[in-house]
Amino acid sequence: MKPTELTGLPAGVGEHLEGEGVEALYPPQAEAVEAGVTDGENVVAAVPTASGKTLIAELAMLSAVERGGTALYIVPLRALASEKKTEFERWEEYGVTVGVSTGNYESDGEWLGSRDIVVATSEKVDSLVRNGASWIDDLSCVVSDEVHLVDDRNRGPTLEVTLAKLRRLNHDLQTVALSATVGNAPEIADWLDAELVDSDWRPIDLKTGVHFGNAINFADGSQREVSVDSGGKQTPALVDDTLDEGGSSLVFVNSRRNAESAASRLGGVTSEHLTDEERGELRELATAIRDVSDTATSDDLAECVAKGAAFHHAGLSSEHRDLVEGAFRDRLIKVIAATPTLAAGVNTPSRRVIVRDWRRYDPEFGGMKPLDTLEVHQMMGRAGRPGLDPYGEAVLLASNNDTKEELFERYVNGEPEPVRSKLAAEPALRTHLLATVASGFANTREDLLEFLDNTLYAVQSAGNAQLETVTDTVLDYLEANEFVEREGDTITATEIGHTVSRLYLDPMSAAEIIDGLRDAAGETGRDRQYGSRGGLDRDADADADESAGFTTANDLLDEGALENGDGEEKDEQSAEAEEADADADGTDDVSALGLYHLVSRTPDMYQLYLKSGDRDEYEEVLFERETELLGRTPLEYDDVAFEEWLSALKTARMLEDWASEVDEDRIAERYEVGPGDIRGKVDTAEWLLNAAERLAGELDLPNVVSVREAKKRVEDGVREELLDLTSVRGVGRKRARRLFEAGIESRADLREADKPVVLGALRGQKTAETVLENVGREDPSMEGVVADSDAKRAGREEAGGQASLGDF
DNA sequence: GTCTTTCAGGTCTAGACAGCATGTC
DNA sequence: CTAGACCTGAAAGAC
């Protein structure tokens, strides 16, 4: 079928596709058309990566738009949202408008309603539904990309519930779901009342095999000799072999450290194959990478990149990732050693994919657990660049014959696992039941259960009472924490319950925060029978059996969360930060550390890992600063709770360092994290503190001011005294500190200050003018002003590239 | 005596969504 | 019930 033969699309689309080189639809695409994607029919397409899934989605959305409707495209990752948006924007010349909505990149709410196609993450869509975005009701088509992720413990239930809600809001909604090939595609189609397109077809051949000894043994029976040198290392030999043919490789490993060390070793291989021109370009790229962030991670990456290799994992900042991915696509970087980030993320195809580690540490499992077949298939699916490579190769590594057999059985010839709903777990239901009640989808227990009937879980567990049991446990929990009220059969969300739902908080996080703030305010919480934790799981866990034995958490309050005092052994900066807090007036003051700790121990914060040596260190920190923390320290023999408390303390102290202007590289070194991790924690803390501020405001708690200040400090990464300055546009943590040191301590000062001093602190003339303009100075011109040298000197001490932590 | 290799023992372990209101060096 | 790659430091070996 030719694209121009398609009907129901906006004029010119078929021709455009032909212009892109689409002469005929791929078989799965044609199948989808036959199944009615362009006629508003529900379709589930379970096809391999890179076999034209996106076009199926585009056909559905464009035809929906042509019929006068609007479409929503749900992605699992923010990075994917912007990638897809750019891709869809090529239809704008045919009058189709595109918008994106994710947590950090939001086109204004109502404006989105005017778009024909909106790309959003599943959480964002959920949030839009919770907040009653009007245009959601008017959708005519929803596409869910990577639906197999409903299997994910943490985020799967959100997608599942969101799809159920969208379909409930609009019974005529066309649902198109794109999935990797999975074990139970028919079941998913059944859930969504959709036609199934299930296919293994690929546009370019994928040869999968196992390397053992001196050859790759492919599934088709062929062999390729790749002899391993004296060192016995398979990976470098395979990378070298690909390079001989002018191809690049992607190596998947199971830890960040492995990714980094593999990249550094592979640099030795790639550097042998570079042209002088490439060397030059790589040197430039390395410089760009160093400029992103002044951390060890950044340096290490730059060093590898100069040799044509790179590593890729979540410790990298988004700028790092973009640079590496881009250069790999441009074939400048010859090999990337990556953790699974890259398998799920944006499109980075490669001639050869090497799955080096096929087992990964899993604490629940108690050891190294084999990766799911589905996950390995996702990695292998990155092999082969359409239009560039004749075929792709995906290779697993075996060091002995038994392993070789096992790998063949499990991954090369093995079927991917079926997708299983993880909805019947407390953490998932906690948040989704509250949201479902709060946004009016259900107001009795029966309604709720009936609503849940629209989920994949219901399809998969007919006759299983677990969902019902967990629902009851969770309803009890929500009622005990005053998020819902029950009167007879009727369940309604309380005012605070509504807020929690709209803020997109896990109710357990909200309860923890409320308890903590009440505790600090000296309220005993006498109306509250139950503590925040209760018998509920902190983390997602579908199959654990739960007990509903709530414990009282809140009977006593700590005295004086205020006593800061003794800073003897503390890091200078922390001590100063503390002092600043103590200086602030008001009796309900809570230290920033206390608040950071509070949000860090919430299930919405992914805490820093407590390394073995850390335990002693943080026990000491706890001893020194316990009075600042909100709520009671768990007893030491309660190992799990105590350990969690300590790692939250570690996280909190990192945030405190950040909010005390400690340099990024020092933080990275001190907490053994990458720039990406720092950004992530800061981001989450900002979000949670904003929620805390709202909750405190609504409950009329007296510590709103402290919360707001702690939030602003993390936001800007500065101590209290700079907050006034950083509120000026164009002034961040570094410039603010330099101004402060030059004696300019406030916006008012800045308006009055001597221009030479300002120029000295801010360096560039243009920068200084812009800043003065932003602060509202009458005459911002710096024309002919000569920088004051004292200010310059003060400024220089602070010099040292601070990362730009802005997104994108 | 000094540098290098080897080996035993200990350590450490993937990822990343959301609110709100706009802008770092 | 379950691992394995990497690092560190000490001991052994090479010159």
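Just so you know, these numbers come straight off a predicted model, no measurement behind them. What's counted below: heavy atoms across the whole structure, side chains too, no hydrogens, waters or symmetry copies. Labels below follow one simple rule: chain letters A, B, ... track the order of the sequence lines, proteins then strands, and each chain is numbered from 1.
Across all strands, A:R130 comes closer than 4.0 Å to no nucleic acid atom at all (heavy-atom distances). Residue-level contact check: A:T767 touches neither bases nor backbone, having no heavy atom under 4.0 Å from any strand. Within the 4.0 angstrom heavy-atom criterion, only backbone atoms of the sugar-phosphate kind lie near A:R359; the bases stay farther away. Residue-level contact check: A:R615 touches neither bases nor backbone, having no heavy atom under 4.0 Å from any strand. Heavy atoms of A:R729 sit under 4.0 angstrom from primed sugar atoms or phosphate atoms, though from no base atom. Residue contacts for A:K611: at a heavy-atom cut-off of 4.0 Å it reaches the sugar-phosphate backbone alone, with no base atom in range.
Here C:dA5 is the nucleotide among B:dA16, C:dA5, B:dA18 with the atom lying nearest to any side-chain atom of A:R257. Comparing B:dG19, B:dA18, C:dC6 by their closest approach to the side chain of A:L503 singles out B:dG19. Between B:dA14, B:dC12, C:dC6, one nucleotide has an atom nearer to the side chain of A:N258 than all others, and that is C:dC6. Side-chain atoms of A:Y361 lie closest to B:dT13 of the nucleotides B:dA14, B:dT13, B:dT11. Checking B:dG15, C:dC7, B:dG19 against the side-chain heavy atoms of A:W687 singles out B:dG19 as nearest. Closest to the side chain of A:R155, out of C:dC6, B:dA14, B:dC17, is B:dC17. Comparing C:dC7, B:dA18, B:dC12 by their closest approach to the side chain of A:D604 singles out B:dA18. Of the candidate nucleotides C:dC7, B:dA18, B:dA14, B:dA14 has the atom nearest to the side chain of A:P340. For A:M368, the side-chain atoms get nearest to C:dA3 when compared with the rest of C:dA3, B:dA16, B:dA14. Closest contact between the side chain of A:F365 and the listed nucleotides C:dT2, B:dA18, C:dA3 involves C:dT2.
Atoms CD (A:E698) and P (B:dG19) sit 16 Å apart, rounded to a whole Å. Taking atom CZ on A:R708 and atom P on B:dC20, their separation rounds to 15 Å, with Å as the unit.
Applying the Watson-Crick and G-U wobble criteria (two distances, each under 3.5 Å), B:dA16 pairs with nothing in any strand. In this structure, B:dT11 forms a base pair with C:dA5, meeting either the Watson-Crick or the G-U wobble geometry with both donor-acceptor distances under 3.5 Å. Across the strands present, B:dT5 finds its partner in C:dA11; the criterion is a Watson-Crick or G-U wobble pair with both atom distances under 3.5 angstrom. Taking a pair to require two hydrogen-bonding distances under 3.5 Å in either a Watson-Crick or a G-U wobble arrangement, B:dC25 remains unpaired.
Contact check on A:E693 versus A:R708 returns a salt bridge, with a Lys/Arg side-chain nitrogen under 4.0 Å from an Asp/Glu carboxylate oxygen. Note on A:D614 versus A:K650: salt bridge recorded, some NZ/NE/NH1/NH2 to OD/OE distance being below 4.0 Å. The pair A:E160-A:K165 does not count as a salt bridge, with every side-chain nitrogen at least 4.0 angstrom from each carboxylate oxygen. Contact check on A:K369 versus A:E364 returns no salt bridge, with no Lys/Arg side-chain nitrogen under 4.0 Å from an Asp/Glu carboxylate oxygen.
Sequence order on DNA chain B of the closest nucleotides to A:N690 and A:S255 puts A:S255 first from the 5' end.
Where stacking is scored as ring centres under 5.5 Å apart with planes under 30°, A:Y504 does not register as stacked on the base of B:dG19.
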For this session: Go through the steps for A:K711 and A:E686 under the test salt bridge (Lys or Arg N to Asp or Glu O under 4.0 Å), then give the verdict.
Result: CA-CA 6 Å; A:K711 180 190 78 177; A:E686 239 176 272; over 6 Å; no
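At B:dG15, one or more side-chain N or O atoms of A:R256 fall inside 4.0 Å of OP1 or OP2 (strictly under the cut-off).
With A:D506 contributing its side chain and A:D604 its backbone, the two residues share no donor-acceptor pair below 3.5 Å.
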